[in-house]
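Here is the structure we will look at, set down as structure tokens.
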Amino acid sequence: MEPRPRGAGGGTSAVRPEGGTLESQLSPRAGTALHIIREAGDIAKFWYEKSNYRIDSKTDGSPVTEADQQVERYISDALLGHFPDDGILGEECGESAGSSGSRWIIDPIDGTRSFIHSVPLYANLIALEEAGEIVFGAINLPSAGVLVYAERGAGCWRNGKPARVSERARLDGAHVMATWLEDWRPETIRGLNSHGVILRTWGDAFGYAMVASGHADAVVDYTAQTYDLAPMPVIIEEAGGTFTTLQGRRDIKGGSGVASNGLLHDSVLKLVN
């Protein structure tokens, strides 16, 4: 493994004003996962700043770098070291079955194209699924210095502070994020603009972090995989928002994702469909 700097991925524990770390409020499994995703961020950031790595193409034509592969190996090995009976689903290495009934879902570098083009909005994603329900999720943006995570019933946090969705109830002036515009119909964009919506790109996981933090009002992914979306239900819902597919189903396996502050959800779904 290449050497990597320490502490570059936000590894300092956030502290509550009344004392004690936020991690102490998490379950042991979630606290361990949070530590692992920070360490994974250190590795990703090392490769990002190195800017000299192998880039290959997968069978679907999407790029994969040796950074993706090394980060996923680190996360998988670290998780299995702590939880050897759990299953793992990773973007690069596929799925390994476990016997515990729990499964970790990993996207080592979400936004690989951003990563390759030196845009600091790539992310490391991790989620814990138990009995078909996502109970913990984290979005780590190491080069942007942002870590958003949530555990079911414990709230959503951004860099150690409570995160909440926006309170905007009207489309006029709403910020809607898009990962890319290639699969958006021109009439959809015109329809959003006619309602005063401000459409912005560089979505991927960054868009969901923006919505959970109240800095954007919705994000739309017309095409997404399970590992792209796995952390989003718990993060968005614990922040007070709504996550569904384009068809309105609460499903990370549905091939699309829409997250919003909840107040605008039905209006956004109507326009983007």
Take Val268 and Leu171 through the test side chain to side chain contact (heavy atoms under 4.5 Å, CB included) and record every step on the way to the result.
CA-CA 8 Å; Val268 170; Leu171 285 170; 4.1 Å; yes
Has [X] got a side-chain atom pairing as donor or acceptor with [Y]'s backbone, closer than 3.5 angstrom?
X	Y	answer
Asn159	Gly145	yes
Arg250	Phe243	no
Ser256	Leu246	yes
Asn140	Ala123	no
Asp251	Lys253	yes
Glu238	Gly155	yes
His195	Gly191	yes
Ser213	Ala209	yes

Is [Y] close to [X] at the side-chain level, that is, under 4.5 Å between some pair of heavy atoms?
X	Y	result
Asp42	Arg38	no
Leu181	Leu199	yes
Trp157	Leu147	no
Ile109	Glu91	no
Val219	Met210	no
Ile252	Ile105	yes
Ser100	Glu130	no
Ile36	Tyr74	yes

Name the orientation class of the two ring planes belonging to Tyr53 and Trp47 (parallel below 30°, tilted from 30 to 60°, perpendicular beyond 60°).
perpendicular
What class does the angle between the rings of Tyr48 and Tyr122 fall in, given that below 30° is parallel, 30 to 60° is tilted and above 60° is perpendicular?
tilted
How far does [atom1] of [X] sit from [atom2] of [Y], to the nearest 0.5 angstrom?
X	Y	atom1	atom2	value
Thr201	Trp184	OG1	CH2	10.5 Å
Leu271	Thr188	CG	OG1	8.5 Å
Tyr208	Ile139	OH	CD1	9.0 Å
Leu269	Thr244	CG	OG1	4.5 Å
Leu125	Tyr227	CG	OH	11.5 Å
Glu167	Leu263	CD	CG	8.0 Å

Count I, L, V, M, F, W, Y as connected when their side-chain heavy atoms are under 4.5 Å apart, and connections chain through other members. Are [X] and [Y] then in the same cluster?
X	Y	result
Ile37	Ile43	yes
Leu264	Val258	yes
Trp202	Ile189	no
Leu121	Ile236	yes
Leu128	Val71	yes

Quick one: do [X] and [Y] make a salt bridge, cutoff under 4.0 Å?
X	Y	answer
Arg113	Glu182	no
Glu92	Arg73	no
Lys50	Glu66	no

Would you sort out whether Glu151 and Gln25 count as a side chain to side chain contact (heavy atoms under 4.5 Å, CB included), showing the intermediate values?
CA-CA 10 Å; Glu151 186 171 22; Gln25 310 300 317; over 6 Å; no
Restricting to salt bridge (charged side-chain N to carboxylate O under 4.0 Å, His left out), what partner residues turn up for Arg168, sequence neighbours left out?
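For Arg168, the residues satisfying salt bridge (charged side-chain N to carboxylate O under 4.0 Å, His left out) (neighbours in sequence not counted) are Asp217.
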What heavy-atom pair brings [X] and [Y] nearest, and what distance separates the two atoms?
X	Y	value
Glu72	Pro108	OE1-CD, 3.2 Å
Pro231	Ala138	CB-N, 3.8 Å
Ala127	Ile134	CB-CG2, 4.2 Å
Pro63	Thr112	O-CG2, 3.8 Å
Asp183	Tyr222	OD2-CB, 3.3 Å
Val165	Ser260	CG1-O, 4.3 Å

Worked check of side chain to side chain contact (heavy atoms under 4.5 Å, CB included) between Tyr149 and Leu26
CA-CA 11 Å; Tyr149 64 92; Leu26 298 175; 4.0 Å; yes
Test log, rule side chain to side chain donor-acceptor pair (under 3.5 Å), inputs Thr179 and Asp221
CA-CA 6 Å; Thr179 296; Asp221 266 330; 2.5 Å; yes
Glu133/Val234 under side chain to side chain contact (heavy atoms under 4.5 Å, CB included): CA gap, chis, key distance, verdict
CA-CA 9 Å; Glu133 179 74 13; Val234 66; over 6 Å; no
Kindly confirm or rule out a cation-pi arrangement of Arg29 over Phe136, judged by NZ or CZ under 6.0 Å from the six-membered ring centre and within 45° of its axis?
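Here Arg29 fails the 6.0 Å and 45° test against Phe136.
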Given Ser102, which partner from the list Val135, Asp86, Ile88 fulfils the side-chain contact (heavy atoms from CB on, under 4.5 Å) test?
Asp86
